Asks: 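First the structure, then my questions, so here it is.
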Amino acid sequence: MSRAVVVVGGAGAIGRVVCAVLAEAGMAVTVADLRGADEVRTGLPGGPHASLSLDVTDRDAVVAALGPGGTAAGASALVYAAGSNYTGPVSTTDWDAYDRVMNINLRGAFHVGQALSLDLAASPREFSAVFLSSTAGLRGESGASVYAASKFGLIGFVECLAAEIATFGARANAVCPGNVDSPMLRTLAEQVAVRRGDTTEAVLTEFAGATSFDRLIAIREVADVIAYLAGPRSTGMSGQSVVVDGPPL
Ligand SMILES: NC(=O)c1ccc[n+]([C@@H]2O[C@H](COP(=O)([O-])OP(=O)(O)OC[C@H]3O[C@@H](n4cnc5c(N)ncnc54)[C@H](O)[C@@H]3O)[C@@H](O)[C@H]2O)c1
């Protein structure tokens with residue numbers, strides 16, 4: 001029987017490539033997202049695949065989908081690729097944006113972790129959860145306080161969840177990409193450029209030059225690491241934060 005995996009945020013830029021890589025590897029993928037999950041499912045090779053409309057900020061809906069007896073319960077792996085970004089100095093924090101980012105990046109992950117914990121307690125098994133943090137979850141920088149706080153928090157959450165679900169034979173890890181060539185990074189570059197009175201291209205060039213690679217990370221490079229962690233060949237890893245980025249300058 002093929003390995004079943006749920007990709008939450010599976011219609012996003014990274015999530016949809018993760019779905020494709022997992023499907024190419026022969027896994028049965030459930031694409032879960034606020035919107036766009038059906039379209040991603042229909043484009044996947046192999047199968048059987050499924051799609052699910054899911055709001056991670058709705059705790060009851062998450063438990064109904066991923067908790068014991070849920071529509072997507074009983075999988076062997078889950079990838080949490082839902083996320084949202086916000087940039088701005090602490091002094092002018094937009095509190096609506098703060099709530100949005102924390103609710104999606106952190107509280108949503110808690111909802112998913114709670115549902116998984118309940119399902120794993122009911123059906124102990126080999127299982128791997130992979131949560132998308134960021135290098136911003138490992139070091140802060142000017143203008144990134146809200147996003148970084150959510151991603152630092154996510155790493156703490158993953159370490160605790162991993163310790164709790166180990167007893168069921170299950171694992172949880174975080175993946176921390178650097179600057180990924182993606183619409184989210186381009187939007188960030190546009191916002192930083194406006195704040196600085198610079199051009200978007202200049203900011204993107206600076207982002208690319210943040211490591212000795214002197215380039216952005218490709219989405220596929222992130223997806224391949226996630227696929228390894230979601231698969232059965234990484235059973236010796238749990239509670240870890242895996243960085244997908246170039247070496248320091
Ligand atoms: N793009 C980057 O440069 C980069 C770098 C490091 C980490 N990350 C992280 O990787 C993850 C994926 O990033 P991306 O570039 O694919 O972003 P994206 O914006 O393309 O995708 C995010 C997905 O999350 C979904 N989502 C948002 N709110 C949701 C909700 N309430 N319920 C369910 N789904 C919801 C969106 O619909 C979207 O499909 C995010 O957590 C992001 O913070 C991205």
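The shown structure was predicted, so the numbers you read here are calculated from the model rather than taken from an experiment. Just so you know, ligand 1 is whichever comes first in the structure, and atom 1 is the first atom listed for that ligand.
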Asks: With distance as the sole criterion, is a donor-acceptor pair present between the side chains of R41 and T30 under 3.5 Å?
Replies: no
Asks: Looking at D33 and G36, would you say the former's side chain and the latter's main chain have a donor-acceptor pair under 3.5 Å?
Replies: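 Between the backbone of G36 and the side chain of D33 there is no qualifying donor-acceptor contact (under 3.5 Å).
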Asks: If you measure from the Lys or Arg side-chain nitrogens to the Asp or Glu carboxylate oxygens, is any gap between D224 and R220 under 4.0 Å?
Replies: yes
Asks: Please could you name the atoms of ligand 1 that L132 approaches to less than 4.0 Å, counting only its heavy atoms?
Replies: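 Listed by number with element, the hits are 10 (O), 11 (C), 41 (O).
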Asks: Need the ligand 1 atom indices (1-based, order shown) with element for anything under 4.0 Å from a heavy-atom of I104.
Replies: 28 (N)
Asks: Residue-level breakdown please: for L54 versus ligand 1, do any non-hydrogen atoms fall below 4.0 Å on the side chain, on the backbone, on both, or on neither?
Replies: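 Answer for L54: backbone.
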Asks: Is the closest heavy atom of Y80 to ligand 1 under 4.0 Å?
Replies: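 Contact check Y80 vs ligand 1: negative.
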Asks: So is there a nitrogen or oxygen of L185 less than 3.5 Å from a nitrogen or oxygen in ligand 1?
Replies: no
Asks: What atoms in ligand 1 come closer than 4.0 Å to a heavy atom of A11?
Replies: 39 (O)
Asks: Starting from atom 15 (O) of ligand 1, locate the nearest protein heavy atom and write down its residue, its atom name and how far away it is, to 0.1 Å.
Replies: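 Ranked first by proximity to atom 15 (O) of ligand 1 is M184 CB, 3.7 Å.
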Asks: Closer than 4.0 Å to some heavy atom of D55 - which atoms of ligand 1 meet that?
Replies: 30 (C), 31 (N), 32 (N)
Asks: Quick one: which of V175, V180, V17 has a heavy atom closest to atom 4 (C) of ligand 1?
Replies: V180
Asks: Using heavy atoms and a 4.0 Å limit, tell me yes or no: is A81 in contact with ligand 1?
Replies: yes
Asks: Taking a hydrophobic cluster as the set of Ile, Leu, Val, Met, Phe, Trp and Tyr residues connected by side-chain heavy atoms closer than 4.5 Å, whether directly or through intermediates, do L229 and F168 fall within one such cluster?
Replies: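 They do not share one cluster, since no chain of ILVMFWY contacts under 4.5 Å joins L229 to F168.
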Asks: Check this for me, if you would: do D99 and R107 make a salt bridge, where the nitrogen-to-carboxylate-oxygen distance has to be below 4.0 angstrom?
Replies: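 No salt bridge links D99 with R107.
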Asks: Going by heavy atoms, is C176 under 4.0 Å from ligand 1?
Replies: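 Distance cut 4.0 Å: C176 fails for ligand 1.
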Asks: Can you tell me the protein heavy atom closest to atom 22 (C) of ligand 1 and the distance?
Replies: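 For this ligand atom, the closest protein heavy atom is G83 O, 3.7 Å.
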Asks: Does an N or O anywhere in G9 fall below 3.5 Å from an N or O of ligand 1?
Replies: no
Asks: Does a side-chain N-to-carboxylate-O contact under 4.0 Å join R215 and E221?
Replies: yes
Asks: Testing L54, D55, V8 for side chain to side chain contact (heavy atoms under 4.5 Å, CB included) with V62, which one passes?
Replies: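 When side chain to side chain contact (heavy atoms under 4.5 Å, CB included) is applied between V62 and each of L54, D55, V8, only L54 qualifies.
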Asks: When you group the ILVMFWY residues by side-chain heavy-atom contacts below 4.5 Å and let the links chain together, are V5 and Y80 in the same group?
Replies: no
Asks: Write out the residue and atom name of the closest protein heavy atom to atom 21 (O) of ligand 1, then the distance separating them to 0.1 Å.
Replies: G12 CA, 3.3 Å
Asks: Looking at A230, is its backbone amide N or carbonyl O close enough to the side chain of R171 to form a donor-acceptor pair, meaning the two atoms are under 3.5 Å apart?
Replies: no
Asks: Has S133 got any heavy atom lying under 4.0 angstrom from an atom of ligand 1?
Replies: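 It does, in that a heavy atom of S133 comes within the 4.0 Å cut-off of ligand 1.
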Asks: Should the pair F157 and F110 be assigned to parallel (<30°), tilted (30 to 60°) or perpendicular (>60°) ring geometry?
Replies: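 It falls in the tilted class, 30° to 60°.
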Asks: Can you see which heavy atom on A172 is nearest to which on S238, and at what distance?
Replies: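 The answer is N-OG, 3.1 Å.
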Asks: Among all protein heavy atoms in this structure, tell me which lies nearest to atom 37 (O) of ligand 1, with the distance rounded to 0.1 Å.
Replies: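 Of every protein heavy atom, D33 OD1, 2.6 Å lies nearest to atom 37 (O) of ligand 1.
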Asks: Would you check the N or O atoms of P177, main chain and side chain alike, for any that come under 3.5 Å of an N or O of ligand 1?
Replies: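 No; every N/O pair is 3.5 Å or more apart.
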Asks: May I ask you to check whether V56 has an N/O atom sitting below 3.5 Å from an N/O atom of ligand 1?
Replies: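 The answer is yes, given that V56 and ligand 1 share an N or O pair closer than 3.5 Å.
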Asks: As an exercise, identify every atom of ligand 1 less than 4.0 angstrom from a heavy atom of S134.
Replies: 6 (C), 7 (C)
Asks: A side-chain contact here means heavy atoms from C-beta on lying under 4.5 Å apart; do L78 and L116 qualify?
Replies: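 They are in side-chain contact.
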Asks: Only one of I104, V146, N103 clears side chain to side chain contact (heavy atoms under 4.5 Å, CB included) with S84; which?
Replies: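 Option passing the side chain to side chain contact (heavy atoms under 4.5 Å, CB included) with S84: I104.
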Asks: Can you sort out which atoms of ligand 1 are near S182, meaning under 4.0 Å from one of its heavy atoms?
Replies: 1 (N), 2 (C), 3 (O)
Asks: Among all protein heavy atoms in this structure, tell me which lies nearest to atom 44 (C) of ligand 1, with the distance rounded to 0.1 Å.
Replies: I14 CD1, 3.8 Å
Asks: Which residue and non-hydrogen atom of the protein lie closest to atom 18 (P) of ligand 1, and at what distance in Å?
Replies: A13 N, 4.0 Å
Asks: Could you note down all residue pairs passing salt bridge (charged side-chain N to carboxylate O under 4.0 Å, His left out) where residues 137-153 supplies at least one of them, sequence neighbours left out?
Replies: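 For residues 137-153: none.
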Asks: What about Y147: any of its N or O atoms under 3.5 Å from an N or O on ligand 1?
Replies: yes
Asks: Can you find a non-hydrogen atom of S84 under 4.0 Å from ligand 1?
Replies: no
Asks: Atoms of ligand 1 less than 4.0 Å from G178 heavy atoms?
Replies: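 Listed by number with element, the hits are 5 (C), 6 (C).
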Asks: If you measure from each heavy atom of K151 to ligand 1, is any distance below 4.0 Å?
Replies: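 The answer is yes: ligand 1 sits under 4.0 Å from a heavy atom of K151.
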Asks: Go through it in stages, so that I can follow the logic: the residues are R195 and E190, the test is salt bridge (Lys or Arg N to Asp or Glu O under 4.0 Å), and I'd like the CA-CA distance, side-chain angles, deciding distance and then a yes or no.
Replies: CA-CA 9 Å; R195 197 160 71 231; E190 285 165 4; over 6 Å; no
